[in-house]
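The first residue of the sequence shown is numbered 1, and numbering continues consecutively from there.
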Amino acid sequence: MTGLLSNALLLAILSSAIAAIAIVFTGEKRRNLREGWTLLASFLKFGFIASMIPGVIAGERYEVTLWELSPGIELALRADPAGLLFAVSASFLWILTSFYAIGYMRGAKEKKQTRFFAMLAVCLSATVGIALSANLLTFVVFYEILSVATYPLVIHKGSEKAYRAGRQYLTYAITAGIALVAGTALVYQMAGTLDFQGGGFLTSEMAPTSTLILAFLLFFVGFGVKAGVMPLHSWLPNAMIAPTPVSALLHAVAVVKAGVFGFVRLGGFVFGPDLLREIGMAGVLAGLAGITILLASFIAMTKDDLKARLAYSTVGHLSYIVLGVALLAPTAMLGGAFHMVTHAAMKITLFFCAGALYVHMHYTKVSELDGIGRRMPITMGAFAIGVLGLVGIPGTGGFLSKFMIGVGAVEAGQGIFLALLLVSGLLNAGYLFPIVTRAFFRSSPEHTKYDEASWFMVGPIVLTALLSLMLGIWPDGIFNFFSIALEAMHSVVGGGSP
């Protein structure tokens, strides 16, 4: 059984990679078949990943070596709790994104849909490869594949603004990639291994403190770009020129989550909490995360463009996860890991709603939404649920993950970050609640009767909103997300195998 599930590691990656090839050869003329490949691959990918959940929770670790470059240097996959948490979240939400993308691309009459669906599939292959990487080398390979595969999605519109955003994205991504490769080489030189290990494998005896700090800073740039940590964030809001399913992919499922997952691996499985504390980098990382949370919230308040406001919300909320890692307290780490899932569900709901408003009503600005809740009550009701979660209202997944980060801040003796979390919740309410009040508590003669978007879009919106609630009411009720996050935390603080 273990051998069979080890094969599931490779199949989880190959399912969408093969689908990408099938999508290209199917082409534009047979769009039903082309979209069928997308849906089939999304269900298969999730099935392969979900099959490993019971074993991983029970302590099993599934591994497979893809290619041994030289003794001690290999491309290898492993299903451990931290990686599985990311993989389950991304693969499940890809199913819903696939249905939503079909409705969106047809409704918006977008061009080059074959390229869109093919690159979306490649991105999910790379994302799952990142999640299931057994070592830094494998991680870096899939991380760079994701960077390249995202570019055609960012420039999909083909406008000068899209190409400008694409060039900026590539500049940041290439810079981050160079830093990541340099950091990986430096770590191998110090430790003689790249294999992830719970609690970290680097020690202060391996190199001078200055060299360890240099390695950390290289990884900070490599992961900080995708994670949107300020001042490395500016590409992210500009990438909103892409179609909304891409925005959902960027901000909830794949690209930015790859960045924050990089910090999870860095803090928990490369440096480890003890070494980060010893070299003083945990405090630096926590400080930058706190600054990002506050500044992103203030900037979001100034944005009338709906997707831009949501983009800066993402910049801030990603740093909740980084903060959870940087505080080094077990409960904060658990909260940060769980926020990877809760934020994904909440933010993908909001972007799905923004896409429905664009396709169905051609609305892109907050100031245009007066009374829209009466015309599109399901869409805006789901939006309200996502908002409640991001603000941190009890009963939502966002409250639970933020609460644990706050408790962890107290455990770590860092009460200032508890205060920061409370202030940021108020700021979140300040830029998100006005959208809901406009929709439901203002009227417009244009919005007097029910008129929702296609159910290809509304269906996924409802399901992601329900997931946002379920994660707060019954956090272990769907795919054991909380148990997997708990096991990931234990693998770090216990210092055991990942």
Side-chain angles (χ1 to χ4, degrees), residues 86 90 119 122-131 133 135-155 163-188 194 196 212-242 246-247 249-271 281 284-285 288-289 291-292 296 311-312 314-319 321-322 325-326 340:
F86 184 23
M119 299 316 297
V122 174
C123 283
L124 264 295
S125 283
T127 300
V128 171
I130 290 169
S133 294
N135 55 53
L136 267 174
L137 177 62
T138 311
F139 191 108
V140 170
V141 169
F142 282 111
Y143 198 82
E144 293 309 297
I145 292 173
L146 179 60
S147 295
V148 173
T150 305
Y151 174 74
L153 297 175
V154 173
I155 65 166
Y163 283 116
R164 188 163 57 248
R167 288 192 296 271
Q168 183 185 29
Y169 165 74
L170 271 187
T171 300
Y172 275 76
I174 291 171
T175 303
I178 293 171
L180 197 55
V181 170
T184 300
L186 188 56
V187 164
Y188 184 75
L194 296 173
F196 294 131
L212 291 166
I213 291 175
L214 174 60
F216 177 86
L217 293 176
L218 288 169
F219 283 112
F220 173 79
V221 173
F223 297 138
V225 165
K226 279 190 171 64
V229 179
M230 291 182 174
L232 306 174
H233 71 290
S234 62
W235 69 271
L236 194 50
N238 292 334
M240 290 302 93
I241 187 65
V246 177
S247 301
L249 176 81
L250 287 171
H251 287 256
V253 179
V255 179
V256 296
K257 286 300 189 301
V260 292
F261 183 66
F263 280 112
V264 171
R265 285 299 194 199
L266 183 68
F269 299 86
V270 178
F271 279 77
M281 287 296 100
V284 173
L285 186 59
L288 288 171
I291 291 170
T292 300
Y312 278 102
T314 296
V315 170
H317 274 265
L318 291 173
S319 279
I321 303 168
V322 178
V325 173
M340 286 178 55

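Residues Lys257 and Met340 approach most closely at CE-O, 3.1 Å, considering heavy atoms. Across Leu124 and Ala90, no two heavy atoms sit closer than the pair CD1-O, 4.0 Å. Here the closest heavy-atom approach between residue Ala149 and residue Val122 is recorded as CB-CG1, 3.6 Å. Among all heavy-atom pairs drawn from Pro152 and Val148, the shortest one is CD-O, 3.3 Å. For the pair Val315 and Gly228, the tightest heavy-atom approach, listed with the atom from each and the gap, is CG1-O, 3.3 Å.
Note on residues 170-187: pairs passing side-chain hydrogen bond (donor to acceptor under 3.5 Å, both in side chains), not counting sequence neighbours, are Tyr172-Ser234.
Partners of Thr138 according to the side chain to side chain donor-acceptor pair (under 3.5 Å) rule, which considers only residues two or more places apart in sequence or in another chain, are Asn135. With sequence neighbours excluded, the residues satisfying ring pair (Phe, Tyr, Trp, His ring centres under 6.0 Å) with Phe219 are Phe223. In this structure, the side-chain contact (heavy atoms from CB on, under 4.5 Å) partners of Val229, at least two apart in sequence or on a different chain, are Phe220, Ala227, Phe263, Leu288, Thr292, Ser319, Val322. Partners of His233 by ring pair (Phe, Tyr, Trp, His ring centres under 6.0 Å), not counting sequence neighbours: none found. Every residue meeting the side-chain contact (heavy atoms from CB on, under 4.5 Å) condition with Tyr163, not counting sequence neighbours, appears here in chain and number order: Tyr151, Ile155, Arg167. Shown here are the side-chain contact (heavy atoms from CB on, under 4.5 Å) partners of Leu214, two or more places apart in sequence or in another chain: Leu186, Leu218.
Atom CD of Glu144 is separated from atom CZ of Phe139 by 10.0 Å, given to the nearest 0.5 angstrom. The CG atom of Leu266 sits 5.5 Å away from the CZ atom of Phe271 when rounded to the nearest 0.5 Å. Within the model, atoms OG1 of Thr150 and CD1 of Ile145 stand 11.5 Å from one another, a figure rounded to the nearest 0.5 Å.
Using a 4.5 Å heavy-atom threshold, the side chains of Val128 and Phe142 count as separate.
Ser147 and Lys226 share a side-chain donor-acceptor pair at under 3.5 Å.
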Legend entry - Steps toward side chain to side chain contact (heavy atoms under 4.5 Å, CB included) verdict (Ile321, Phe261): CA-CA 9 Å; Ile321 303 168; Phe261 183 66; over 6 Å; no

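Checked by atom type and distance alone, the side chain of Tyr143 pairs as donor or acceptor with a backbone atom of Gly222 at under 3.5 Å.
Ile130 pairs with exactly one of Val140, Val141, Leu146 by the side chain to side chain contact (heavy atoms under 4.5 Å, CB included) rule, that one being Leu146.
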